[in-house]
Amino acid sequence: MLLDAFVLIVVAGLFAVVAGVNDGGALLATGLKLPTVRPVTGIVLLAALVAAVPLLTHQVALTFVTRLGSFQDPGGRLAMVIAVVSALTVVGLLSARGRPTSLTLAVVGGLTGAGLGWGLQVSPEWVALVLAFGLAAPFAGGLLAWVLIRVLAATTPARGLWRWHWVGFLLQTLAYAANDAQKMLAVFMIAMGFTGAPVEYTVLVAVLFAIGTLYGLPKAGRTLSREIIASRPPHGVAAELAAGAAVIGCAAVGMPVSMTQAIAGGLIGAGVARGGGRVRWYAAGRIAAAWLLTLPASGLLAWGLALLVKGFASVRVS
């Protein structure tokens, strides 16, 4: 096995664990105040769908691998390593400063910067399209949640809310597996040179993701379900339903979007619908500022690293 492939496989495994820390906890956090889905049950279901859904559709993974840029061309593996390392670095630095952000945004920025810096073909049309869907997702989640929490309040008594919690959790988990989760599979695609979704790799991704989720659940839960709004169970249920619907709609057209962004938008929309005073706007503003910083920071870091590594490799060869 070539050294660049081995390095990328190691990076891909680390990336799947970090995705679990960053994304998995957020998926479970919205329903913590309504313990219909216990954390262990939720993690098992989440991992099972992350493993199974790409066997049916992996269009979002193909967007990362072939549509944003030509990462299957010579040099694509090293460019992918640089992109993932840059994304993890930016997300780690922001999280350490108490500014949780979108790993998907960071990956899109990293892939764009690394591709340009390495001299690979990058599609500006697809980058712009992905960005447009990414910006729209939290607003779509917020608008849907604003409507859904009013419907839930009018039609569902408190004792019946658990049924909608199950529906919402399953919907957002399915949406994540069909969309956001496939960034993990995309890294293994480049490392191993396949374009399908072999079951051994989808299972490996799911196991690593579950390990990260176990570690990341407490911190993500504090950030999303407690910091953004003064959350009550209906807020979490409305956010789950809204985020799941928004993200699965994007997956249907192969567009990667961030589930954590859609959930955050859903929580804010639900909070506004029940009185804007429930939303902690300062915390929401900090998260939005981190989102805006994530993509350009990842892109610039990846671009600089790609130029540096490529220049160093050229000197050694000559």
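Atoms considered below: every heavy atom in the structure, side chains included; atoms not considered: hydrogens, waters and symmetry mates.
Looking at heavy atoms from C-beta onward, W118 lies out of side-chain contact with L307 at the 4.5 angstrom threshold. M255 is not listed as a side-chain neighbour of V60, based on a closest heavy-atom distance of 4.5 Å or more. When side chains are defined from C-beta on, L27 counts as touching Q172, because their heavy atoms get closer than 4.5 Å. The side-chain heavy atoms of D23 and K183, taken from C-beta on, include a pair separated by under 4.5 Å. F64 places a side-chain heavy atom less than 4.5 Å from the side chain of V108. Taking the side chain as every heavy atom from C-beta outward, D180 and P256 never approach each other to under 4.5 Å. With contacts defined as side-chain heavy-atom distances shorter than 4.5 Å, the pair V84/V107 does not qualify. With a 4.5 Å cut-off on side-chain heavy atoms, W164 and P234 do not count as touching.
Contact detail for A19 and L103: the closest heavy-atom pair is CA-CD2, 3.7 Å. When all heavy atoms of L267 and H235 are compared, the closest pair comes out as CD2-O, 4.0 Å. Between A145 and G266 the shortest heavy-atom distance is CB-O, 3.1 Å. Scanning both residues, G13 and F188, for their nearest heavy atoms gives N-CZ, 3.9 Å. Nearest heavy-atom pair across A83 and L111 is CB-N, 3.6 Å. Listed here is the closest heavy atom pair of A246 and G141: CB-N, 4.2 Å.
Under the 4.5 Å side-chain heavy-atom criterion for grouping Ile, Leu, Val, Met, Phe, Trp and Tyr, M259 is not connected to F139 through any hydrophobic cluster. A continuous path of hydrophobic side-chain contacts links L120 to V309 [ILVMFWY only; heavy atoms under 4.5 Å]. I287 and L93 fall into different hydrophobic clusters, where Ile, Leu, Val, Met, Phe, Trp and Tyr side chains are chained together by heavy-atom contacts under 4.5 Å. Both Y201 and V7 are assigned to one and the same hydrophobic cluster, defined by single-linkage of ILVMFWY side chains at heavy-atom distances under 4.5 Å. V272 and L143 are assigned to two separate hydrophobic clusters, defined by single-linkage of ILVMFWY side chains at heavy-atom distances under 4.5 Å.
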Passes side chain to side chain contact (heavy atoms under 4.5 Å, CB included), I82 versus S86? Steps please.
CA-CA 6 Å; I82 292 168; S86 299; 4.1 Å; yes
For L185 and F194, what are the C-alpha separation, side-chain angles and deciding distance, and is it a side chain to side chain contact (heavy atoms under 4.5 Å, CB included)?
CA-CA 10 Å; L185 179 62; F194 59 82; 4.2 Å; yes
Show the numbers, then the answer: is there a side chain to side chain contact (heavy atoms under 4.5 Å, CB included) between L14 and V10?
CA-CA 6 Å; L14 175 63; V10 173; 5.8 Å; no
Under the criterion side-chain hydrogen bond (donor to acceptor under 3.5 Å, both in side chains), I'd like the reasoning laid out for T294 against T101: C-alpha separation, chi angles, the key distance, then a yes or no.
CA-CA 7 Å; T294 296; T101 189; 2.5 Å; yes
From CA spacing to verdict: side chain to side chain contact (heavy atoms under 4.5 Å, CB included), V122, L68:
CA-CA 6 Å; V122 175; L68 289 176; 5.9 Å; no
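Within a 6.0 Å sphere centred on CD of Q121, other residues, nucleotides and ligands contribute 12 heavy atoms or fewer. Surrounding CH2 of W146 are at most 12 heavy atoms belonging to other residues, nucleotides or ligands under 6.0 Å away.
Side-chain contact annotation: T260 with S102, donor-acceptor N/O pair under 3.5 Å absent. Between S258 and T104, the side chains place no donor N or O within less than 3.5 Å of an acceptor N or O (distance only, hydrogens not considered).
Between the CG atom of L148 and the OG1 atom of T156 there is a distance of 10.5 Å, given to the nearest 0.5 Å. With rounding to the nearest 0.5 angstrom, the CG atom of N22 is 9.0 Å from the CZ atom of F15. A distance of 8.5 Å separates CG in L78 from CG in L8, rounded to the nearest 0.5 Å. The line from CG of L295 to CG of L131 is 5.5 Å long, rounded to the nearest 0.5 Å. In this structure, the separation between CG on L152 and NE2 on H165 is 12.5 Å, given to the nearest 0.5 Å. Atom CD in Q261 sits 5.0 Å away from atom CH2 in W291 (nearest 0.5 Å).
When each of T213, V205, T202 is paired with V50, the side-chain contact (heavy atoms from CB on, under 4.5 Å) condition holds for V205 and for no other.
When atom types are taken as modelled, the side chain of H58 and the backbone of T195 share a donor-acceptor pair closer than 3.5 angstrom. The main-chain N or O of A61 is found under 3.5 Å from a side-chain atom of Q182 such that the two form a donor-acceptor pair. A donor-acceptor contact shorter than 3.5 Å links the side chain of N179 to the backbone of V247.
Under the side-chain contact (heavy atoms from CB on, under 4.5 Å) criterion, V147 pairs with V151, not counting sequence neighbours.
Residue pairs meeting the salt bridge (charged side-chain N to carboxylate O under 4.0 Å, His left out) criterion with at least one member in residues 139-168, sequence neighbours excluded, do not occur. Among residue pairs with one or both ends in residues 59-70, those qualifying as side chain to side chain donor-acceptor pair (under 3.5 Å) are Q59-R67, T63-R67, S70-D73; sequence neighbours excluded.
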